[in-house]
Amino acid sequence: MRKNRFIPLLLVFILSLSGCGTGETDTSSSSAASGLQAITDISDLFTDRDFEIGYDESESALIQLNGSSAQCDAGAVKISGSIITITDEGTYILTGNLQNGMVIVEAEDTDKLQIVLNGASISNESSAALYIRQADKVFITTANNTENTLSNGGTYTAIDSSNIDAALFSKADLTLNGAGTLQINAEAGHGVVSKDDLVITSGAYKITPANHGLSGKDSVRIANGSFTIQSGKDGIQAENDEDSSLGFLYLAGGSFQITSGGDGLSAGNELQIEEGSYTLLTGGGSNNAQVNASYADSTSMKGIKAAGNLAVTGGAFTIDSADDALHSNANLSIGGGSFQISTGDDGLHADANLSISSGAIQITESYEGLEGQSIDITGGEITLSTSDDGLNAAGGNDQSGMGDRGQGPDNFDVDADAYIHIAGGVIRVNASGDGIDSNGSLTVSGGEVYLSGPDNGGNGTLDYASEATISGGVFVAAGASQMAQNFGSSSTQGVMMVTVSSQQAGSTIRLTDSSGQELLCWEAEKAFDSVLISCPNITEGATYTLTAGSDAVEITMDSLVYGSNEGGNIPGAMPGGPGGGDMSPGSKGQRPPDRNG
């Protein structure tokens, strides 16, 4: 038996270096910080037979469905009116139409069976259309180029001690595959439920349930296939309340179109995505974030959610979610893939660590863009727009939406576990709240960061509680001066912060050296009167010209950090704090309530 590969996710944080906008590379500094994280250690997610969609008709039993009855010559098939019971292992081919009936598998718990749906339609008004009561494993295969349907009429009447609540309900391991189409309709309950493992390796599925679309108690493992799911609750769910090591969701590929009242993809334990195409609309989308606030205690409306670790190494994602687009109650890691995100709350959220090493992430609408107890960015291209903070190191119980921002570490508690570390990648932030907000420290050792905003006096491009240092990369920010913070004196790369006259959105910021060579050129997306710049070409003792819109300022770097946080010594600043101005909280949006983790 061939075991399908499963390589535990390894995230190695190799801290890279990047130069200014001129393309120059800084090789003068590096970091030894690195980490390693495994998502799930499972040796055999799929078997050879999970992928096998062939069958020998001459060795199979044919079950002809005839409206309210059926016909079959095999001794292992028992027919009583519209109830068909299969009692032994083997291959069974179903064809025709069965109205208000049921196919039951009741074999030995060591038996493996294959059920081939060859143009079969089975409906049941008051229970499951297909019920696997006992077997070791059942493979349901759709025949090539066939249309097949399983449906429930809206109620479930108990026929035994099992709580049957799906059009396709299995108490054994269940595999779906094939080269045909399976449509599953459930006016009540779920589409597909497996009380063990649910595996899907191929086929096309159209699922419209009142509750969850696909649900596996121990796990849901999908290698490939095409899925169109419109569900009242979660689109795909793996959940095991009895064993915390189970309830994981693994997606190796496939095409997914999911519209759900709850979460699009949900795992009670860990969730890993390697490849695939995903279009997810959850809870009515980002425009419904405040509309759905009254459901905060009952309904989770996230795009992709894991109670354990969540890891994505590839795939194409279009997510419009009322709540977080990607959410983990533990660690969230992005190692590849492309993301188009619109959300009523966070774009990417981790209660613990959020790490990004690769991928293209575009967040066009969010409350906060990236949030975690700690954030590590070593690669990728990230563009985000927020109504509050761009990057926020605060953790699952963040109160950033309350508008309480102090000035420096003396005004709010420092979280020793909170930090933001940027070592690579290209990050573009358009923020109405703080551009980068850390309840602990901020370190920048590489990459390129471009921050626009805030343009209100109650927030700053940087907001950190303990210390901020820069040792490499390109960093440029433009925002309001009143609450502005500079990098600290421990920085080993030159950095300057300057207050200018008020400049409108779209103004160009340009830095040149004493010979007139352009070191950096960037266009701010918001109005600003404070500019923060660092790049490897800024050296102590040299003189530079900073042009910001209509203003031009000549700066001599008497030290590596120009415009210190200490004592409010920022050139050109108005009175009142590090950057001058008032201390008003500004106009942050109201954070949507988090719904069930």
Side-chain angles (χ1 to χ4, degrees), residues 11-27 29-31 33 312-314 316-317 325-326 332-341 347-348 354-364 366 368-372 375-386 389-393 420-431 434-438 442-453 461-462 468 470-479 487 493 495 508-511 518-526 531-538:
L11 296 176
V12 181
F13 302 115
I14 303 173
L15 304 183
S16 59
L17 301 166
S18 176
C20 273
T22 57
E24 298 180 16
T25 302
D26 175 29
T27 58
S29 62
S30 64
S31 173
V312 180
T313 58
F317 301 83
L326 283 83
L332 168 57
S333 57
I334 305 294
S338 62
F339 302 81
Q340 296 286 331
I341 291 173
L348 277 64
L354 168 61
S355 62
I356 301 172
S357 59
S358 184
I361 302 169
Q362 184 169 17
I363 303 174
T364 58
S366 66
E368 292 187 326
L370 310 179
E371 182 177 63
I375 299 175
D376 288 281
I377 301 176
T378 59
E381 185 165 349
I382 303 164
T383 302
L384 54 92
S385 179
T386 70
D389 299 341
L391 280 66
N392 184 23
I420 295 174
H421 183 199
I422 300 170
V426 178
I427 306 167
R428 299 179 179 89
V429 177
N430 184 328
D434 299 317
I436 295 179
D437 184 349
S438 175
L442 166 66
T443 59
V444 178
S445 60
E448 300 177 33
V449 180
Y450 305 93
L451 299 181
S452 290
T461 52
L462 298 187
I470 186 164
S471 60
V474 173
F475 195 103
V476 55
F487 286 95
Q493 176 171 286
V495 56
T508 298
I509 295 172
R510 180 178 288 106
L511 182 68
E518 183 178 282
L519 305 180
L520 188 148
C521 183
W522 174 64
E523 187 176 290
E525 298 180 63
K526 275 183 160 58
V531 178
L532 175 64
I533 287 182
S534 178
C535 67
N537 308 83
I538 299 175

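Any value given below was found using the heavy atoms of this structure, including those in side chains, with hydrogens, waters and symmetry copies removed.
In this structure Glu523 satisfies the salt bridge (charged side-chain N to carboxylate O under 4.0 Å, His left out) test with no other residue, sequence neighbours excluded. Take Thr443 and apply the side chain to side chain contact (heavy atoms under 4.5 Å, CB included) test, not counting sequence neighbours, and it matches His421, Thr469. Contacts of Ala478 classified as side chain to side chain contact (heavy atoms under 4.5 Å, CB included), with partners at least two apart in sequence or in another chain: Ile509, Trp522, Ala524, Phe528. By the side chain to side chain contact (heavy atoms under 4.5 Å, CB included) test, Ala468 pairs with Leu442, Tyr464, Phe487, sequence neighbours left out. Residues forming a ring-ring contact (aromatic ring centres under 6.0 Å, His included) with Phe317 (at least two apart in sequence, or on another chain): Tyr278, Phe339.
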Report task. Please step through side chain to side chain contact (heavy atoms under 4.5 Å, CB included) for the pair Leu348 and Ile363, ending with a clear verdict. Result -> CA-CA 9 Å; Leu348 277 64; Ile363 303 174; 4.2 Å; yes

Query raised in the report: Going through the distances and angles, do Ile422 and Ile436 end up as a side chain to side chain contact (heavy atoms under 4.5 Å, CB included)?
Result: CA-CA 11 Å; Ile422 300 170; Ile436 295 179; 4.1 Å; yes

Query - Derivation and outcome, side chain to side chain contact (heavy atoms under 4.5 Å, CB included), residues Asn537 and Leu520 - result: CA-CA 10 Å; Asn537 308 83; Leu520 188 148; over 6 Å; no

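Residue Ile420 holds its CD1 atom at 4.5 Å from CD1 of Ile375, rounded to the nearest 0.5 Å. Interatomic distance, Leu354 CG to Leu332 CG, rounded to the nearest 0.5 Å: 5.0 Å. Distance check: Ile382 CD1 to Gln362 CD gives 12.0 Å after rounding to the nearest 0.5 Å. In this structure, CD1 in Ile361 is found 8.0 Å from CD1 in Ile377, a value given to the nearest 0.5 Å.
Proximity of Cys521 to Thr508: side-chain heavy atoms (C-beta onward) are separated by under 4.5 Å at one or more points. In this structure the side chain of Leu384 never reaches within 4.5 angstrom of the side chain of Ile341, judged on heavy atoms. Taking the side chain as every heavy atom from C-beta outward, Leu532 and Val495 approach each other to under 4.5 Å. Proximity of Arg428 to Asn430: side-chain heavy atoms (C-beta onward) are nowhere separated by under 4.5 Å. Side-chain atoms of Ile427 and Leu370, non-hydrogen and from C-beta on, never get closer than 4.5 Å to each other. Counting only heavy atoms from C-beta outward, the side chains of Leu519 and Ile533 never approach each other to under 4.5 Å.
No donor-acceptor pair closer than 3.5 Å links the side chain of Asn392 to the backbone N or O of Glu371. Formation of a donor-acceptor pair under 3.5 Å by the Gln493 side chain with backbone atoms of Gly473 is found in this model. Side chain of Ser385 to backbone of Ala431: no donor-acceptor contact under 3.5 angstrom is found.
Val474 and Cys535 get closest at one heavy-atom pair: CG2-CB, 4.4 Å. What you find for Gly453 and Thr461 is that their closest heavy atoms are O-CG2, 2.9 Å.
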